[in-house]
Protein chains: 2
Amino acid sequence: MDHVDRILDQWRRERPDLDVTAMGILGRLKRLSTHLSREVEAVLQQNGLSSSSFDVLATLRRSGAPYRLSPGDLLATTMVTSGTMTNRIDQLEKTGLVERVVNPQDRRSVLIALTEKGFSLVEKTVTEHVVNQNRLVESLPADEKAALDGLLRQLLAAFE
Amino acid sequence: MDHVDRILDQWRRERPDLDVTAMGILGRLKRLSTHLSREVEAVLQQNGLSSSSFDVLATLRRSGAPYRLSPGDLLATTMVTSGTMTNRIDQLEKTGLVERVVNPQDRRSVLIALTEKGFSLVEKTVTEHVVNQNRLVESLPADEKAALDGLLRQLLAAFE
DNA sequence: CCCGGACATCTTGACGTCAAGATATTTACG
DNA sequence: CGTAAATATCTTGACGTCAAGATGTCCGGG
């Protein structure tokens, strides 16, 4: 009997005509996502990053040497608009974690490059971040983690 | 091989020391939550509502007659701060969907009441909303929906 | 009874995001 | 070639949220 169950019970009483099966799943998924985001933010914040800025740094880091991508490449992996990405890059450039370098091949474009400072920060942060992520799901045994992952994958496939 | 798989592969290549089990689950969960929120918003928007304003109206509606709750009661169910709730109520009051009525028992407090206009709007909207929610998870057969719900419940229990 | 702490709500200022459109560059075609 | 369409990024204005603190009200011990 959790928070979502109480909501469903109220709806069943007030509107017995509604099928609330999906509401339960979506409600738990949204609450869970909010909780997890907050827990993740806490660790990133200890390193002076938001999850927004970390996402950009991590995308550059995992792309491999020379740790450079265009804003368009970054957009393709992050589910945000171009204006949001411009803003994120502006912030990271101000704090010296990335720099914009001109792209000689295409002057409409620009390359976002990890600085040394950015590289060492993301290197340290991602290590702590991954430990934290594993902690957040440790209430599930390994086989249930795998089952959850499979179900999420299947549901996600309907949208991507 | 979905979007999240590609991210995990990059990390395995660049940082084979990291255990990315949880990253996969959390990544899919976050992307899914974003997709689902956008789909849900679309239906609410057709009724002139955001998910924020709908949440408030729906909470009042499912609380049962006389469809009145204090801001504090609303806060307890919505995972937002008091300032956010004040703002939501302000918007709904401007559009005539709720009204603030004084609480004679406790003048620090106030009751937020669904207006007739608010009631009929939420009544129509929630019907469409629930149909839409069920559509969003129809890619899973019934037994897998139940399994997913159970796993989410278990994980959520660690936070609530 | 009164006053300090608890409580309920609202205010303020900052931030991240989005949609829509502006600017600059490249590409393809006539 | 020259120009229109496509592409890549940035700008602008609005919105929802949060953290921190202000304001107004209630309550319980002295």
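A note on names: the letters A, B, ... follow the listed sequences, proteins ahead of strands, and every chain is numbered from 1.
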Could you check A/Ser109 against B/Ile89 and say which one's nearest nucleotide on DNA chain C is further toward the 5' end?
B/Ile89
Could you run down the sub-3.5 Å N/O contacts of the protein with nucleotides 2-7 of chain C?
unit_1	atom_1	unit_2	atom_2	d
C/dC7	O2	B/Arg108	NH1	3.2

Return the polar atom pairs (N/O with N/O) between nucleotides 18-21 of chain C and the protein under 3.5 Å, or none.
unit_1	atom_1	unit_2	atom_2	d
C/dC18	OP1	B/Arg38	NH2	3.0
C/dC18	OP2	A/Thr81	N	3.0
C/dC18	OP2	A/Thr84	OG1	2.9

Residue pair B/Leu148 / A/Leu152, side-chain heavy-atom distance below 4.5 Å:
yes
Please tell me if the side chains of B/Arg31 and A/Glu160 come closer than 4.5 Å, counting only heavy atoms from C-beta onward.
yes
Can you tell if the side chain of A/His3 reaches within under 4.5 Å of the side chain of A/Ile7, non-hydrogen atoms only?
yes
Which value, rounded to the nearest 0.5 Å, describes the distance between A/Trp11 atom CH2 and A/Asp17 atom CG?
10.0 Å
Non-hydrogen side-chain atoms of A/Arg88 and A/Thr84 separated by less than 4.5 Å
yes
Do B/Leu69 and B/Leu111 have side chains that approach each other closer than 4.5 Å (heavy atoms only, starting at C-beta)?
no
C/dT9 P sits how many Å from B/Ile112 CD1, rounded?
8 Å
Give a yes/no on whether any side-chain N or O of A/Ser52 is located under 4.0 angstrom from OP1 or OP2 of C/dT17.
yes
Hey, are B/Arg6 and B/Asp9 close enough for a salt bridge, meaning a charged N less than 4.0 Å from a carboxylate O?
no
Can you measure A/Asn103 atom CG to D/dA8 atom P for me and round it to whole angstrom units?
11 Å
Specify the separation, in whole Å, of atom CG of B/Asp106 and atom P of D/dC26.
6 Å
Inter-end axis angle, the helix from C/dC1-D/dG30 to C/dG30-D/dC1, with every axis fitted to five base pairs (rounded, 10 degrees)
0°
Atom CD of A/Gln45 and atom C1' of C/dA14 are separated, to the nearest Å, by 14 Å
In plain terms, say whether A/Asp90 and A/Arg100 are close enough for a salt bridge, that is, a side-chain N and a carboxylate O under 4.0 Å apart.
yes
Spacing of A/Gln105 atom CD relative to C/dT27 atom P, expressed in whole Å
11 Å
Atom CG of A/Asn87 and atom P of D/dT12 are separated, to the nearest Å, by 13 Å
Any heavy-atom pair between the side chains of A/Arg62 and B/Arg13 that's under 4.5 Å?
no
When rounded to whole Å, the CD to C1' distance for the pair A/Glu41 and C/dC15 reads 12 Å
Should the pair A/Tyr67 and A/Phe119 be assigned to parallel (<30°), tilted (30 to 60°) or perpendicular (>60°) ring geometry?
tilted
Quick check: do B/Ser139 and A/Leu155 have side-chain heavy atoms less than 4.5 Å from each other?
yes
Check whether any side-chain nitrogen or oxygen of B/Ser70 sits under 4.0 Å from OP1 or OP2 of C/dT9, and answer yes or no.
yes
Any A/Arg100 side-chain nitrogen or oxygen under 4.0 Å from OP1 or OP2 of D/dT9:
no
Take atom CE of B/Met85 and atom P of C/dT9, then tell me their distance rounded to the nearest Å.
10 Å
Is any side-chain heavy atom of B/Leu60 less than 4.5 Å from a side-chain heavy atom of B/Leu74?
yes
